[in-house]
Amino acid sequence: MYYDIFPRIRERRLRRTQKIRDLVAEVSLNKSNLIQPIFVYPGENGIEEIKSMPGIYRMTIDRSLKFIGEGLASGINAYLLFGIPSHKDEMGTEAYDEEGIIPRAVRAIKKEYPDAIVITDVCMCEYTSHGHCGIIVDGKVDNDVTLSYLAKTAVVYAKAGADIVAPSSMMDGQVKAIREALDENNFKETIIMSYSSKFASSLYGPFREAADSKPQFGDRKSYQMDYRSARTALREIELDIKEGADIVMVKPAMFYMDIISKAKEKFLVPIAVYSVSGEYSMIKATAEKGWIDEDQVLLEYMLSLKRAGADMIITYYARRLADLIR
Ligand code: PBG
Ligand code: ZN
């Protein structure tokens, strides 16, 4: 059958020159869709490279401002903030302290760069001594007790000036609790980008080194999702949309492109994907060995995420991509 039409139909016609290939390309990469995560810690003029993520640093607020300033100049508008607190305790107090690391960083960034899009992760694990994403009651992460702490945290970040809050603890009902608290406190414009579909992945290792947030006992499998099920991920996304999420997220991105593509078909809200720390480290390490071409692999990967359905991409490579895209 195929041979009947050959050679009238020749797929190679559309691949003949670069300009023709560009003409028929279905996806492209825009700097305006990229989000750069950053790790902020207390102090002054401090910068420390994260061992398992060469080229990525933890920075004090003043250094972050410089980094963001340069980023904005190169076209990266959005920053996802993670805080490393000066002290951790059972209740993760510094997460929702108005003088904690994140509210202070947000105020400083918005003062200097009002147009920068500031996104704050809303979770407990960077702030709790036990490293879990919620409040522990009787040895377990208590869902409903945690909700009020997450809501309080989101309000504190919104008050500091965050444009977007991003709940990542995977507690049931977290989006509803946060939306209600934001509205009650008159932060009706604050956007919620929910980590709706967050898997219990081994790819978060380097992040936990960076944020010093490894759980001190057990693991996160009773709240983050089991990677053997795609349908759970779709249910989680659906629930978050019903609860009021403006943007939903799939995380990690690599290994989860089936979820991205199904979510894109099924739902009509913008979809963010998080290319996580372990993905960065894998590409970086292989490139450092000289086994792959870092920039080419990066472009291929990012465009594949777009093809799968990503509207926004959170990536530690955002700044590097800014230079590549131009
Ligand atoms: C907090 C949070 C984590 C990541 C983003 N938000 C860590 C975790 O769940 O252990 C991971 C991001 C990455 O690996 O780049 N819950
Ligand atoms: Zn967490």
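Each ligand, and each atom within it, is numbered from 1 in the order the structure gives.
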*asked:* At less than 4.0 angstrom from any non-hydrogen atom of Y316, what atoms of ligand 1 do you find?
replied: 12 (C), 13 (C), 15 (O)

_Any salt bridge linking R320 with E294? Criterion: basic side-chain nitrogen under 4.0 Å from a carboxylate oxygen._
yes

*Report, in ascending order of atom number, the atoms of ligand 1 lying under 4.0 Å from any heavy atom of C125.*
1 (C), 16 (N)

_In terms of relative ring orientation, are H132 and Y223 parallel, tilted or perpendicular, with 30° and 60° separating the classes?_
perpendicular

*asked:* With no hydrogens and no angle check, just 3.5 Å: does a side-chain donor-acceptor pair link S129 and Q216?
replied: no

_Atoms in ligand 1 with a heavy atom of C123 nearer than 4.0 Å_ = 16 (N)

_Quick check on contacts: which atoms of ligand 1 are under 4.0 angstrom from a heavy atom of R220?_
8 (C), 9 (O), 10 (O)

*Give yes if a backbone or side-chain nitrogen or oxygen of Q224 is under 3.5 Å from a nitrogen or oxygen of ligand 1, and no if not.*
yes

*At what distance is the nearest protein heavy atom to atom 14 (O) of ligand 1, and which residue and atom is it?*
S277 OG, 2.7 Å

_Given Y280, which partner from the list L298, T315, I56 fulfils the side-chain contact (heavy atoms from CB on, under 4.5 Å) test?_
I56

*Please write down residue, atom name and distance for the protein heavy atom closest to atom 10 (O) of ligand 1.*
R208 NE, 2.6 Å

*Please step through side-chain contact (heavy atoms from CB on, under 4.5 Å) for the pair I119 and Y157, ending with a clear verdict.*
CA-CA 9 Å; I119 311 171; Y157 296 171; over 6 Å; no

*Strictly by modelled atom types, are N30 and S32 linked by a side-chain donor-acceptor pair under 3.5 Å?*
no

_Opening angle between SG in C125 and SG in C123, taken at the Zn ion (ligand 2), to 10 degrees_ = 120°

_Measuring from atom 12 (C) of ligand 1, which candidate in Y280, F207, F82 has the nearest non-hydrogen atom?_
F207

*With heavy atoms of Y274 as the reference, note each atom of ligand 1 found under 4.0 Å away.*
12 (C), 15 (O)

*Examine all N, O or S atoms of H132, backbone included, and report whether one is under 2.8 Å from the Zn ion (ligand 2).*
no

_Are more than 12 heavy atoms, taken from residues, nucleotides or ligands other than K188, located less than 6.0 Å from that residue's NZ atom?_
yes

*Which heavy atom of the protein is the closest neighbour of atom 11 (C) of ligand 1, given with residue, atom name and distance?*
K251 NZ, 2.9 Å

*Between K214 and Y204, is NZ or CZ placed under 6.0 angstrom from the six-membered ring centre and within 45° of the ring axis?*
no

*List the atom of T128, the atom of G134, and the distance in Å for their closest heavy-atom pair.*
CG2-O, 4.3 Å

*Can you tell which of E279, M124, K198 gets a heavy atom nearest to atom 16 (N) of ligand 1?*
K198

